[in-house]
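For reference, the structure is listed below as structure tokens.
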Amino acid sequence: MVRKKATLIDVDYRIKGGKTLVRLLLKGRHLVRLYDEYEPYFYLDAPKGAEKEIMGAKVPSRDRQVSPTRCERAAMSVLGKEKEIWKVYCERPYDIPHVSGELAKKYPVYENGIPFGRRYLIDKGLAPFTELTYEREGRFIKKIISKRDSKVSLRTMSFDIETYNPKGSPRPDKDEVIMISYEIDGERKVITSKKIDRDFVIVCKDEREMIKKFLETVKEKDTEVLLGYNSTVFDLPYLKARADANGLDFSIGRDGSSFRVRRQGIRDVAEITGRIHVDLYPLVRFMGFIGAFKVSKYTLENAYEELTGKKKLMVGKLDIWKMWDDENLSAALADYSRFDALATMEIGKILLPLMVEMGRLTRLPLFDVSSATAGQLVESLLMHKSFEHRAVIPSKPNDALAHERELGPIKGAFVKLPQPGIYENMVVFDFRGLYPSIITSHNIDPFTLNPPKSVPDSDCFISPNGHRFLKKPRGLIPTVLEELIKMRGEMKKRLKKADKDTPEHEQAFARVQSLKILANSYYGYLAYPRSRWYSRDCGESVTAWGRHFIQETIEKATQSGFEVLYGDTDSIFLLLGSKTKEDALSFMKKVNSELPGDMELELEGFYPRGVFVTKKVSGDKETGAKKKYALLGEDGRIKIRGFELVRRDWSAIAKTTQRRVLEAILKHGSKEMAVKVVKDVIERLKQGKVPLEDLTIYTQMRKDPRKYDIKSPELSAAEKAIKMGVQIERGTVIGYVITKKGSTISEKACLAEYAQDYDPNYYIDNQVLPSVLKILKELGYSEDDLKFKGEQKGLSSFF
DNA sequence: GCGGACTGCTTACCT
DNA sequence: ACAGGTAAGCAGTCCGCG
């Protein structure tokens, strides 16, 4: 028996000799794989006398008829009630869905659909990135003695490929890989088959040797984490296809295997045995989606530039093959290729610490956490906590139930209609973590919901829509959420104390971030139709209380003599008017003294000026627009929400002009300046002086280009490009320009790369003017002033 | 035959 | 594939208009 220490990295399982062996990947000085025997099982809520019936179940599994191996009674908390149920064991993890599926026809089944590696982590109370002290015998773990947080560093390689693309997009069956760049341990190289005079270039005799060299390097460097950018969809499959074409095994795994692509939700993930493949592209998108890091475009270039603040070396994608063919330019192409590996590595350095902390927190291994959805993060932690509380983990709903849940969406938040205009001296308050604090303050949980009638109202929280929640005992979800909020508070203190640019600071930052992301996802998970802990009544109650508190606060503010301009979900915008900042703060204090539990109204800020605009409507009803405003902060910065300016599907020319108009009005209070800005831009547009990149409109194709019902400008541009050989599929963000050629806007649309000219009238009438007029209108320009009734030329004639 | 009102599809935003 | 609420563009259709 040997006592050892190592950090837990990953976990999966193998079947050997009819036994299921959990396989742990640990890192001490080196990576080691150790095994532990563990039996797969699920729970069944069947009567005491059902043993014969359970053991008698016989169903086809993967390769043969299987039955449970044994079963036993277990005392558990089942959907909020203490009772005895059956714990049913099977030989192999993949027998579980078959056997439980059969028995589910008659009795409720719990804890299904848990991947076996995770099952093991849950039952042993283990989290990735913790250091285990354990006793081992041969290749088996005998006993885990202790565990603690660990700062493990993983050998990380970034990589990227360039391909020959004379037809626009490269064709994996014909077009060669011309460069493979990578970075590991500060060594940044480009593998290529052309003699290029650069000291970082590794020259191979042909494509086959290049791929071989790359695979050897991955192996020799003992790569533990492999970072790519869109590598699941592009680099890995392309390399594999080229390896096949060259009669080469694409043996990138630690055991010499290739990679496996698995469908996860709507996207694919690529797994590599013995290494952790992290595709940063979906990760960058996910970060934006949950509001952690937001980038305006998801290209490697843009993500790198916006996340690091540095400029990336670029070449035109369509020129790559020409550069390769041109002796004078192939060195520049190598520089670019090498930069891709660097950019990928740098993005990894920003996102990986966050993934590691999120993994620790949710107990998910790095690969899983890097490819997880928000729902999986929440669910993972809840499953662990549920186990700790000896409560059965609810099963995932089947498709029929999930679809049924989707049919009745839950009523959401309240948004107050603003009165359009320009205002001075405002104060904005918002509820800190509104939904999480509502959940913890009212003990909202599927199993504290609707107690028996015999429980008096005084022992319940009653939601505005009439649902009752037991005050005691605490539900699992409020308990876990409360822990997260508390941890975040403590971690924020630690973050403040830590010196910048230290490992402590980086870790505290990543933890604060992870905790925030996670805590904010609980409400969504409760109302998510495929959630194990779905409860329509809970979800409805959270939003009902949300609407209740924001509306109550608006009433209180009005009664206290403030004019309430706007509010959305958890925020209220007040006009100070004759009142002082102190009055506002004492109002906030008063509100807080009347709020229950953890709920708190916070000062978001004071704003000397702000503007709300009119909603664009056909007809003559004029109302304010929700979710669109601009505020001038006391520090001179402008906070802009919802305007064209913050949308990627508007051209830069419209957006910068709108920004300059807002600055002229909010900062300088000058409408003359604003009008001059607009006149100048229109003049430049008319003279054809505006570069195409300022006119490009970016839109994501959210469907397969063949599956649209109607023709839109972006679809029309995409179709033209596809004809020329450009690859455009679901998810591609395309940039297009409205050109002079054609009659409808769609006909005029053309992919930016191929555009030769632009239609100034479109950019004046449909881009610049609409986006600035809605603001200028608040300065007293009347509708008629701006429209020039009867004028056929449209708005452009006004300026 | 033309413009305005309106609808449906679509995207991207706010919290 | 965590939720709902919202604005707004463009294409297409309907409707009035002697």
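In the text below, chain A, chain B and the rest are named by the order of the sequence lines, each starting its count at 1.
- In this structure, the CG atom of A:D430 is 10 Å from the C1' atom of B:dT15, given to the nearest Å.
- Remark: aromatic rings of A:Y629 and A:F573 are close, center separation under 6.0 Å.
- Within the nucleic acid shown, A:W650 comes within 4.0 Å of sugar-phosphate atoms alone, with no base atom in reach, counting heavy atoms only.
- Residue A:I410 is in sugar-phosphate contact alone, with no base atom involved, counting any heavy-atom pair closer than 4.0 Å across all strands shown.
- Among the protein residues, A:K774 comes within range of the sugar-phosphate backbone only, with heavy atoms under 4.0 Å from sugar or phosphate atoms but none that close to a base.
- In the model, A:E482 has no side-chain atom that pairs as donor or acceptor with a side-chain atom of A:T440 under 3.5 Å.
- A cation-pi arrangement is absent between A:K639 and A:Y607 under the rule of less than 6.0 angstrom and at most 45 degrees off the ring axis.
- Rounded to an integer number of Å, the gap from CD1 of A:I438 to C1' of B:dT15 is 13 Å.
- Contact footprint of chain A on DNA chain C: nucleotides with an atom under 4.0 Å from a non-hydrogen protein atom, first to last in 5' to 3' order, C:dA1 to C:dA11.
- Within the nucleic acid shown, A:S746 comes within 4.0 Å of sugar-phosphate atoms alone, with no base atom in reach, counting heavy atoms only.
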In the 5'-to-3' direction, what one-character label does each nucleotide of nucleotides 8-14 of chain B receive under the scheme B = base within less than 4.0 Å of a protein heavy atom, S = sugar-phosphate only, - = no such atom?
-BSBBSB

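- Partners of A:R532 according to the side-chain hydrogen bond (donor to acceptor under 3.5 Å, both in side chains) rule, which considers only residues two or more places apart in sequence or in another chain, do not exist here.
- If you look at A:Y566 and A:F612, their ring centroids are closer than 6.0 Å.
- Taking atom C1' on both B:dT10 and C:dC2, the two are 22 Å apart, rounded to the nearest angstrom.
- Under the 3.5 Å distance criterion, with hydrogens and angles disregarded, no donor-acceptor pair is assigned to the side chains of A:D649 and A:T699.
- Atom OH of A:Y523 and atom CD1 of A:I439 lie 9.0 Å apart (nearest 0.5 Å).
- Between the side chains of A:D537 and A:S535, no donor-acceptor pair is found at a separation under 3.5 Å.
- A donor and an acceptor atom, one from each side chain of A:D279 and A:T232, are located under 3.5 Å apart.
- Residue-level contact check: A:G524 touches the bases, meaning some heavy atom is under 4.0 Å from a base atom.
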